[in-house]
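Have a look at the structure below before the remarks.
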Amino acid sequence: MDGYTYFGVALMRRPSPRLADGIVTHIERASVDPVLAARQFTIYQETVASAGWRVHEVDPAPEHPDSVFVEDPLVVCEDLAVLTRSGATERRGEVAGVEATVSALGLRVVRIEDPGTLDGGDVLQVGETVYVGVGGRTNEDGADQLEQHLALLGRKVRRIALGRALHLKSAVTALPDGTLVGLPELIDASGLPPIRQAPEEPGAHVLPLGGRDVLVSAAAHETIHQLTADHWRVLPVDISEFEKLEACVTCLSVLIPDRPASPSA
């Protein structure tokens with residue numbers, strides 16, 4: 001055992017037919033091919049499943065263009081599901097279907113309340129530390145509420161000011177061993193441990209799948225080469241249609257590791 005092997009349920013949500021109308025903040029809008037996006041989503045699902053995860057689909061929300069980015073309405077820590085309240089008001093309706101799913105999975109459910117705002121893409125969990133990006137979609141009140149919820153689980157929350165990044169995980173993510181990788185120039189990185197500089201923008205986004213498996217955008221050519229040389233098992237996926245909407249490999253799923261079975265009495 002390598003110390004960070006885990007498997008469990010991978011929550012995902014099929015793209016809306018209105019995907020091309022999704023929010024774009026920091027890049028120019030480009031044409032999105034919904035047929036290609038659906039194909040890429042299926043391959044993404046299959047790749048995550050190939051690493052040992054059980055894919056569980058949240059009910060579709062066709063009226064919400066960004067609903068495929070299921071990471072944002074939800075933060076899961078151990079058996080606690082925190083339903084978020086996005087700073088983008090048009091995304092707040094995405095929470096309902098997510099709530100039904102996590103309740104059915106038996107997770108305890110709490111929520112971020114007004115005036116707090118929080119997007120799951122701003123929450124990076126690394127061991128017992130939870131980094132929260134405060135900026136466009138997440139405010140201080142939302143970070144405070146998350147801190148209160150996670151304190152009961154022994155987590156320490158550290159706030160990171162965002163600069164030109166849509167979400168914290170647009171700029172920095174973590175490898176399975178806790179090493180941070182990303183583009184520190186996009187955020188105030190003074191509150192973070194040292195960050196391994198990504199050689200290209202898509203290389204800032206890695207999704208640990210347990211053991212030495214790491215999901216990475218197929219567009220991150222140099223990053224794939226470097227991580228492979230470091231003996232990570234890199235699983236590249238083409239998510240080009242989602243990247244046109246400022247998404248990355250973490251946005252399309254929420255991984256819920258299996259909880260250890262309780263010892264018999």
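Since the structure is predicted, the reported quantities are computational estimates derived from the model, not experimental observations.
Taking the charged nitrogens against the carboxylate oxygens, Glu147 and Lys156 have no contact shorter than 4.0 Å, which rules out a salt bridge. Between Arg159 and Glu140 there is a salt bridge, with a side-chain nitrogen of the basic residue lying less than 4.0 Å from a carboxylate oxygen of the acidic one.
Residue Ala37 comes nearest to Phe242 through the heavy atom pair O-CZ, 3.4 Å, listed as atom of the first residue, atom of the second, then distance. Contact detail for Ile195 and Gly182: the closest heavy-atom pair is CG2-N, 3.5 Å. In this structure, Ala10 and Val48 approach most closely via the heavy-atom pair CB-CG1, 3.9 Å.
Residues satisfying the side chain to side chain donor-acceptor pair (under 3.5 Å) criterion with Arg164, sequence neighbours excluded, are absent altogether. With sequence neighbours left out, the salt bridge (Lys or Arg N to Asp or Glu O under 4.0 Å) criterion links Arg18 to Asp21.
Contact of the Val181 side chain with the Leu227 side chain is not registered, since no non-hydrogen atoms from C-beta on lie closer than 4.5 Å. Looking at Val172 and Leu183, their side chains never come closer than 4.5 Å, going by heavy atoms from C-beta outward. At least one side-chain heavy atom of Met12 sits under 4.5 Å from a side-chain heavy atom of Phe41. Trp53 places none of its side-chain heavy atoms less than 4.5 Å from the side chain of Val9. Asp213 places none of its side-chain heavy atoms less than 4.5 Å from the side chain of Pro208. Between Leu74 and Leu11, some side-chain heavy-atom pair lies under the 4.5 Å cut-off. Counting only heavy atoms from C-beta outward, the side chains of Pro34 and Leu19 never approach each other to under 4.5 Å. Looking at heavy atoms from C-beta onward, Ser217 lies out of side-chain contact with His205 at the 4.5 angstrom threshold.
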So Arg92 and Arg85, side-chain contact (heavy atoms from CB on, under 4.5 Å) or not? Walk me through it.
CA-CA 6 Å; Arg92 292 178 186 168; Arg85 182 174 180 270; 3.1 Å; yes
Run Ser253 and Tyr44 through side-chain contact (heavy atoms from CB on, under 4.5 Å) and show every step you take.
CA-CA 9 Å; Ser253 61; Tyr44 179 98; 2.8 Å; yes
Walk me through whether Arg14 and Asp59 qualify under salt bridge (charged side-chain N to carboxylate O under 4.0 Å, His left out).
CA-CA 8 Å; Arg14 291 194 174 275; Asp59 285 345; over 6 Å; no
Glu246 vs Thr25, side-chain contact (heavy atoms from CB on, under 4.5 Å): CA-CA, chis, key distance, verdict
CA-CA 8 Å; Glu246 297 176 282; Thr25 304; 3.6 Å; yes
For a side-chain contact (heavy atoms from CB on, under 4.5 Å) check, start with the C-alpha distance between Val249 and Ile239, then their side-chain angles and the critical distance, and finish with the verdict.
CA-CA 8 Å; Val249 290; Ile239 57 166; 3.8 Å; yes
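Atom-to-atom distance recorded for Trp232:CH2 and Asp177:CG is 4.0 Å, nearest 0.5 angstrom.
For the side chain to side chain contact (heavy atoms under 4.5 Å, CB included) test with Leu118, the passing option among Asp72, Val134, Thr138, Asp141 is Thr138; the others fail.
The salt bridge (Lys or Arg N to Asp or Glu O under 4.0 Å) pairs that include a residue from residues 122-136 are Glu128-Arg155, where partners are two or more places apart or lie in different chains. For residues 192-206, the salt bridge (Lys or Arg N to Asp or Glu O under 4.0 Å) pairs, not counting sequence neighbours, are Arg196-Asp230. Applying the salt bridge (Lys or Arg N to Asp or Glu O under 4.0 Å) rule to pairs touching residues 27-53 yields nothing, sequence neighbours excluded.
For the residue pair Glu94/Ser67, the side-chain donor-acceptor check at 3.5 Å is not satisfied. Between the side chains of Ser240 and Gln40, a donor-acceptor pair is found at a separation under 3.5 Å. A side-chain N or O of Asp119 and one of Ser86 form a donor-acceptor pair less than 3.5 Å apart.
In this structure, Leu168 is not a member of the same hydrophobic cluster as Leu255, with clusters built from ILVMFWY side-chain heavy atoms closer than 4.5 Å. There is a path of hydrophobic side-chain contacts, each under 4.5 Å, that joins Val130 to Leu153. Each of Val206 and Leu124 belongs to its own hydrophobic cluster when Ile, Leu, Val, Met, Phe, Trp and Tyr are linked at side-chain heavy-atom distances under 4.5 angstrom.
Surrounding NE2 of His26 are more than 12 heavy atoms belonging to other residues, nucleotides or ligands, all under 6.0 Å away.
Of the possible polar contacts, one joining the Arg212 side chain to the His231 backbone as a donor-acceptor pair under 3.5 Å is found. Side chain of Gln145 to backbone of Glu113: a donor-acceptor contact under 3.5 angstrom is found. Counting only distance, with no hydrogens or angles, the side chain of Lys169 and the backbone of Thr250 share no donor-acceptor pair below 3.5 Å.
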Side chains of residues 101-111: which donor-acceptor partners sit under 3.5 Å, not counting sequence neighbours?
residue : atom : partner : partner atom : Å
Thr101  : OG1  : Gly97   : O            : 3.2
Ser103  : OG   : Glu99   : O            : 2.9
Arg108  : NE   : Asp79   : OD2          : 3.2
Arg108  : NH2  : Asp79   : OD1          : 3.1
Arg111  : NH2  : Glu99   : OE1          : 3.1
Arg111  : NH2  : Glu99   : OE2          : 2.8

